[in-house]
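For reference, the structure discussed in these notes is given below.
Worth knowing before you read on, the calculation uses all heavy atoms, side chains too, and leaves out hydrogens, waters and symmetry mates.
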Amino acid sequence: MNPFLKTEELFFRKTGLNEDRIKRLTADALKGMDDGELFFESTASESFAFDDGRLKLANHDTAQGFGLRAVAGEATGLAHATSLDEESIKRAAATVAAVKGNFEGKLAIDPIRTNRQIYDGDNPINSMPSEKKIALLQEIDAYARAKDARVSQVSISLAASWQAVRILRPSGEVYADIRPLTRLNISVIMKEGVRQESGWAGGGGREVYARFVTPDTWKNLVNTAFKMAEVNLRSVEAPAGEMTVVLGPGWPGVLLHEAIGHGLEGDFNRKKTSVFSSLMGQRVAAEGVTIIDDGSIDKRRGSLTIDDEGTPTQCTVLIEDGILVGLMQDRLNARLMGTQSTGNGRRQSFACKTMPRMTNTTMLSGQYDPKEIIASVKNGIYAAQFGGGQVDITSGKFVFSAREAYKIEDGKITVPIKGATLTGSGFEALKHITMVGNDSALDGGIGTCGKDGQSVPVGVGQPTMKLEHMTVGGAGG
């Protein structure tokens, strides 16, 4: 699907707007500004929830609107509306003019185009009739309940969205993108006597539903959730104290995302509120640690062909062999810091301001076989999956709970444990990484990141990784 033609139809042919007039209006409104754009958006979304053996939710929604942003120095003016008409855009132009005052800036150059398209623009909502989606949820529910008599509850959610954006620059340049997104989540609760435990799994990406309809895909997710719940039924209380921790590949990278990733976003560093401020070119992690943010991976949940300012996404190396070498930048912070946008300017919707945000953030593979890493631990824990956590972005201090974890005794993974929490500082944890596995992987496509009240889809990942001197909280001694 050609995003330029499709967005031209959505925002101009169907609304009756004249794009040439709107371009002139945008240019006049942003004259003398350092930056800005007129951001059009049209989004369709749906969600289904299947719980207690029946359909609990079937929701369909649409939204459209525009946001006109003016940037003068560090100041940003944003006016938005859901009405796509010329009068609304004129009122928005008058509103953002207040940010200018007597300011006279120099308009930043336009983003450089590429011909890359990293996902199809097909609408996942239209890719399968609703009856088939509901039938899929019923089939998944029946399969999960038939696996084991101990399964007491199954919850399944299926969701998709289709977002069309068209960005008008004051120069007259136009950028467009069509963004599909799907996600399937499965959770189970198993009961044995008076004890019950849960397990979950999920997957998604910038694609239509086709992959999730195949039994191989959804049965694998059910089996993963089932295994987690079954393991937790056998778990004992987690030990407590300072010890060696091995993190599994994939989703445990959420710890790096939260405890380290936000601190490498441009705005926190420009304002000197990140623990990484003023450390560019210095060692901030152990040798062998390389962390990237890559929004250009085909069909991944955190990927974008262009960001919400029109800049093509890219692979940005943040930490290379332990040395801080890069930051994630939007246009505003890059300009003020004398560098270039890395394609990380993101916004939740047309009604929100743009900020530097992560896309797919992961640690690259190292040299060690995961089995070798486990064998090197005399006494510690192996965290295969994480649940919730809290992070102080300024200090990098974190608290994360392990959803699936095990003891490591004499180089072997032994009994599962429950109630394990990891606490520490992301800045310090980077220095205590002693072994990096050769099995780096991204999560299955379930991540969502929050910042300043905005949520955007992201990817996280890492290889198996060994950390020393980690503080583990648990009920056991």
Side chain [X], main chain [Y], donor-acceptor under 3.5 Å:
X    : Y    : answer
S83  : D85  : no
Q462 : G248 : yes
N185 : S157 : no
S45  : S161 : no
Q454 : Q348 : yes
T362 : L442 : no

F48: ring pair (Phe, Tyr, Trp, His ring centres under 6.0 Å) partners, not counting sequence neighbours
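With neighbours one apart ignored, the set is H60.
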
Only counting residues at least two apart or in another chain, list the ones meeting ring pair (Phe, Tyr, Trp, His ring centres under 6.0 Å) with H432.
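For H432 the ring pair (Phe, Tyr, Trp, His ring centres under 6.0 Å) partners, ignoring immediate neighbours, are H469.
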
Taking only residues at least two apart or on different chains, which pairs with a member in residues 317-330 satisfy side chain to side chain donor-acceptor pair (under 3.5 Å)?
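Residue pairs passing side chain to side chain donor-acceptor pair (under 3.5 Å), neighbours aside: D330-N333.
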
Determine, for Y175 and R113, whether the Lys NZ or Arg CZ falls below 6.0 Å from the six-membered ring centre while staying within 45 degrees of the axis.
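R113 over Y175 ring: yes.
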
Which pair of heavy atoms, one from [X] and one from [Y], lies closest together, and at what distance?
X    : Y    : result
Q282 : S278 : NE2-O, 3.5 Å
T342 : L327 : CG2-O, 3.6 Å
E37  : L30  : N-CD1, 3.6 Å
I178 : T7   : CD1-CG2, 3.9 Å

Could you grab the distance from atom CG of D141 to atom CG of L136, nearest 0.5 Å is fine?
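Reported value, rounded in 0.5 Å steps: 11.0 Å.
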
Rounded distance [0.5 Å steps], CD1 in I291 versus CG in L318
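Going from the CD1 atom of I291 to the CG atom of L318 covers 7.0 Å.
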
Measure up the F66 and F40 rings against each other and bin them: parallel (under 30°), tilted (30 to 60°), perpendicular (over 60°).
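Answer is tilted, since the angle falls between 30° and 60°.
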
Sequence neighbours excluded and cut-off under 3.5 Å, please list the side-chain donor-acceptor pairs for residues 419-429, or say none.
residue, atom, partner, partner atom, Å
T421, OG1, G473, O, 3.4
S425, OG, F427, N, 3.3
S425, OG, E428, N, 3.4

Indicate yes or no: does D307 engage R331 in a salt bridge with an N to O separation below 4.0 Å.
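Looking at R331 together with D307, the answer is no, because their closest N to O distance does not fall below 4.0 Å.
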
side-chain hydrogen bond (donor to acceptor under 3.5 Å, both in side chains) evaluation trace for D439 with T464
CA-CA 7 Å; D439 57 344; T464 299; 2.7 Å; yes

Answer whether the closest heavy-atom distance between the side chains of I446 and R301 falls below 4.5 Å.
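Heavy-atom side-chain distance check fails, nothing below 4.5 Å.
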
Indicate yes or no: at least one non-hydrogen side-chain atom of P111 is less than 4.5 angstrom from one of I306.
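P111 does not reach I306 side chain to side chain.
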
Option passing salt bridge (charged side-chain N to carboxylate O under 4.0 Å, His left out) with E309 (candidates R346, R357, R69):
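Testing each of R346, R357, R69 against E309, the sole residue satisfying salt bridge (charged side-chain N to carboxylate O under 4.0 Å, His left out) is R69.
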
For T76, enumerate each residue passing the side chain to side chain donor-acceptor pair (under 3.5 Å) test, keeping only those at least two apart in sequence or located in another chain.
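Counting only residues at least two positions away or on another chain, T76 forms no side chain to side chain donor-acceptor pair (under 3.5 Å).
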
Residues in side chain to side chain donor-acceptor pair (under 3.5 Å) contact with R24, at least two apart in sequence or another chain:
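With sequence neighbours excluded, R24 shows a side chain to side chain donor-acceptor pair (under 3.5 Å) to no residue whatsoever.
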
Trace of the salt bridge (Lys or Arg N to Asp or Glu O under 4.0 Å) decision for E19 with R166
CA-CA 11 Å; E19 187 164 25; R166 192 171 179 91; 3.1 Å; yes

side-chain hydrogen bond (donor to acceptor under 3.5 Å, both in side chains) evaluation trace for Q64 with T62:
CA-CA 7 Å; Q64 67 174 18; T62 59; over 6 Å; no

Does [X] have more than 12 heavy atoms from other residues, nucleotides or ligands lying within 6.0 Å of its [atom1]?
X    : atom1 : result
I112 : CD1   : no
K56  : NZ    : yes
K397 : NZ    : no
K133 : NZ    : yes
K431 : NZ    : yes

Pair F276-N269, side-chain contact (heavy atoms from CB on, under 4.5 Å): steps then yes or no
CA-CA 7 Å; F276 294 100; N269 284 269; 4.0 Å; yes

Going through the checks in order, is the side-chain hydrogen bond (donor to acceptor under 3.5 Å, both in side chains) test met by D51 and Q153?
CA-CA 8 Å; D51 198 9; Q153 186 174 344; 3.2 Å; yes

